[in-house]
K.L.:
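Structure below; questions to follow.
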Protein chains: 2
Amino acid sequence: MKFGPKYLLVKNFLKESIQQGKFKVGDFLPSEHELCSRFSVTRTTTRKALDELIKEGYIEKLQGKGSRVKERRKSLGLLTVKGFSEAVGKNVNTIFLTKPQIGEWKEEIIFPVKKEDKDAQCIFFERLRCVNSLPVMLERNWLPATILQGFTEKQFVDESFFKTLSQEYLIEITGSKQEIRAEYADDKIAEILSIERNSPVLHISVLFSTNQKKLTIYSELFCNTTDFPVGNQYFM
Amino acid sequence: MKFGPKYLLVKNFLKESIQQGKFKVGDFLPSEHELCSRFSVTRTTTRKALDELIKEGYIEKLQGKGSRVKERRKSLGLLTVKGFSEAVGKNVNTIFLTKPQIGEWKEEIIFPVKKEDKDAQCIFFERLRCVNSLPVMLERNWLPATILQGFTEKQFVDESFFKTLSQEYLIEITGSKQEIRAEYADDKIAEILSIERNSPVLHISVLFSTNQKKLTIYSELFCNTTDFPVGNQYFM
DNA sequence: AACTCAAACTTGTACGTACAAGTAAAAATA
DNA sequence: TATTTTTACTTGTACGTACAAGTTTGAGTT
């Protein structure tokens with residue numbers, strides 16, 4: 001039998017446990033010492049495993065206390081509407097304009113759709129994000145139906161698409177590519193966002209890659225940024 | 001005398017050497033073994049130092065070969081115009097509309113200007129980025145004049161503001177905060193970008209923090225995204 | 001009851017050793 | 001000369017040990 005490096009054993013055990021919710025956000029992992037004896041490795045090896053989990057944003061270490069499961073690095077360099085999620089006290093809600101269903105690959109996807117994706121069926125869903133009941137962002141998502149069995153019938157975990165992928169299918173986002181444009185709102189977008197036709201809207205095209213090589217997610221976002229700009233932060 | 005951890009000695013020596021250009025991009029650092037004997041530390045310590053430099057994006061390791069100085073992580077989660085720098089074969093140039101000079105703190109800065117900055121004098125400069133001689137992005141920058149002695153007389157290194165900060169003042173960007181809006185182009189912006197008034201333009205407000213606690217940089221960018229969308233990438 | 005302090009935990013740094021695995025150039029072979 | 005093999009270098013993994021430094025808890029003291 002061929003095994004890779006030992007530290008991957010520890011790392012993957014912890015990573016999968018976190019992804020499956022066996023360790024929840026805020027929980028402390030077993031101490032380094034305990035992991036050592038559980039896997040019969042030295043602390044060097046255990047610490048290497050933990051280091052990688054820190055690098056990937058799963059945990060943080062607190063000297064004297066332990067290793068705590070972190071809210072997963074949501075950013076990924078992604079843009080988020082200022083006021084979504086982090087904003088406390090704001091009334092944010094999400095409306096499904098189109099529930100997940102088998103649909104067609106549309107022209108409006110900016111990034112070129114891969115051939116293997118085009119050959120497969122396509123899951124589509126469309127959501128409207130509102131702040132204080134005012135529509136702020138329209139989100140359209142396309143993804144191949146090959147892997148996600150029964151996805152159209154599933155309820156979203158915490159209203160979150162990514163949480164659903166993570167917890168129900170053990171799929172996580174590993175990368176993203178974005179293009180951002182300022183455009184005139186066409187009739188449809190203007191109507192949905194309750195703005196005038198030809199108002200400037202922020203158009204964000206996103207391509208997500210995941211740990212499942214076959215699963216690429218295509219998203220097109222349209223934002224009314226007059227009241228809620230889109231933003232991100234990065235600190236070393 | 002009080003020293004911190006030993007690995008910081010090695011790390012900082014290498015980091016400063018890289019920042020000062022003693023090791024250039026593509027160069028290989030001294031081998032771990034050599035660093036060990038030079039600093040009288042064990043490989044554990046040296047590797048810890050190198051690990052941190054990897055994390056901060058300064059170097060990459062190649063098994064069997066060595067540690068090579070990398071092109072510094074430009075991204076920082078930042079948006080870049082698609083076609084700038086990375087795009088080969090494209091004709092990109094930069095025009096100073098306003099050379100670095102002592103100016104005033106303007107109202108148009110979106111992020112609130114810190115009090116200590118407002119009390120100081122302000123360096124301002126304004127550049128127009130063109131692709132194929134067509135104006136694509138207008139960039140306005142403000143920063144307090146306290147630290148950067150003689151900045152207004154300096155020539156930019158490689159036409160790059162950040163390279164100049166790094167090589168001439170040993171200042172590096174440690175974080176950023178951005179807000180993005182789609183707006184109507186006002187008269188002035190429209191004229192500079194050679195577009196019609198009230199065309200949609202992408203307005204990006206950036207606040208950079210640096211390793212010099214006193215130095216914050218405020219930028220306002222205006223992009224015509226019809227031909228060149230703005231974008232970023234992230235991969236784990 | 002309130003406080004102090006020691007003990008028992010946690011992670012952080014650092015030592016030293018050994019061998020595996022990848023790379024490149026020199027040496028041996030055909 | 002051209003090819004193969006060896007050798008000497010690089011980084012990667014893993015062992016074991018020791019003590020420093022931060023946190024929590026509970027025993028002991030006031």
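Convention: sequence-line order gives letters A, B, ...; per-chain numbering from 1. Note that this is a predicted model, so its numbers are computed, not measured.
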K.L.:
Sequence neighbours excluded, which residues qualify as ring pair (Phe, Tyr, Trp, His ring centres under 6.0 Å) partners of A:Phe124?
P.N.:
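With sequence neighbours excluded, A:Phe124 shows a ring pair (Phe, Tyr, Trp, His ring centres under 6.0 Å) to A:Trp142, given in chain and number order.
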K.L.:
Evaluate the criterion side chain to side chain contact (heavy atoms under 4.5 Å, CB included) for residue pair A:Val136 and A:Asp227; output intermediate values, then yes/no.
P.N.:
CA-CA 8 Å; A:Val136 170; A:Asp227 293 323; over 6 Å; no
K.L.:
So does A:Ile110 get a backbone contact from the side chain of A:Glu220, meaning a donor-acceptor N/O pair under 3.5 Å?
P.N.:
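The answer is yes, because a donor-acceptor pair under 3.5 Å joins these two groups.
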K.L.:
Can a salt bridge be assigned to the pair B:Arg47 and B:Glu32 using a cut-off of 4.0 Å between side-chain N and carboxylate O?
P.N.:
yes
K.L.:
With a 4.0 Å cutoff (strictly under), does any side-chain N or O of A:Lys61 reach OP1 or OP2 of C:dT10?
P.N.:
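No, no such contact exists.
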K.L.:
Holding to ring pair (Phe, Tyr, Trp, His ring centres under 6.0 Å), I want the full list of residues that pass it with A:Tyr169, two or more places apart in sequence or in another chain.
P.N.:
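None.
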K.L.:
Pick base, sugar-phosphate or nothing for B:Phe28, based on heavy-atom distances below 4.0 Å to the nucleic acid.
P.N.:
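Touches nothing.
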K.L.:
Can you tell me the distance, in whole Å, between the CZ atom of A:Arg68 and the P atom of C:dT10?
P.N.:
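So the two atoms are 16 Å apart, to the nearest Å.
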K.L.:
Atom CD of A:Glu32 and atom C1' of D:dA21: how far apart are they, to the nearest Å?
P.N.:
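Checked: the CD to C1' distance equals 14 Å.
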K.L.:
Could you give the CD-to-P distance, from A:Glu60 to C:dT10, as a whole number of Å?
P.N.:
18 Å
K.L.:
Rounded to the nearest angstrom, tell me the gap between atom CG in B:Asp51 and atom P in C:dG12.
P.N.:
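After rounding, the gap between these two atoms is 14 Å.
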K.L.:
Of all of residues 33-49 of chain A, which get a heavy atom below 4.0 angstrom from DNA chain C, listed by number?
P.N.:
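Here the set is A:Arg43, A:Arg47.
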K.L.:
Give the rounded distance in Å between these two atoms: CG of B:Leu53 and C1' of D:dT11.
P.N.:
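In whole Å, D:dT11 C1' lies 15 Å from B:Leu53 CG.
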K.L.:
Anything under 30° is parallel, anything over 60° is perpendicular, the rest tilted; go ahead and classify A:Phe151 against A:Phe156.
P.N.:
tilted
K.L.:
Inspect the contact between A:Glu139 and A:Arg127 and indicate whether a charged nitrogen and a carboxylate oxygen are less than 4.0 angstrom apart.
P.N.:
yes
K.L.:
In this structure, how many angstroms lie between the C1' atom of C:dT11 and the CG atom of A:Leu62, rounded?
P.N.:
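Between C1' of C:dT11 and CG of A:Leu62: 9 Å.
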K.L.:
B:Phe39: what forms a ring pair (Phe, Tyr, Trp, His ring centres under 6.0 Å) with it, not counting sequence neighbours?
P.N.:
B:Phe13
K.L.:
To the nearest angstrom, how far is B:Leu50 atom CG from D:dT13 atom P?
P.N.:
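In whole Å, D:dT13 P and B:Leu50 CG are 14 Å from each other.
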K.L.:
N/O contacts under 3.5 Å, protein versus nucleotides 23-26 of chain C?
P.N.:
unit_1	atom_1	unit_2	atom_2	d
C:dA24	OP1	B:Lys65	NZ	3.1

K.L.:
With sequence neighbours left out, write down each residue that passes ring pair (Phe, Tyr, Trp, His ring centres under 6.0 Å) with B:Phe23, or none if nothing qualifies.
P.N.:
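Result, ring pair (Phe, Tyr, Trp, His ring centres under 6.0 Å) vs B:Phe23: none returned.
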K.L.:
Separation of B:Leu8 atom CG from C:dT13 atom C1', in whole Å?
P.N.:
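Computing the B:Leu8:CG to C:dT13:C1' distance gives 10 Å.
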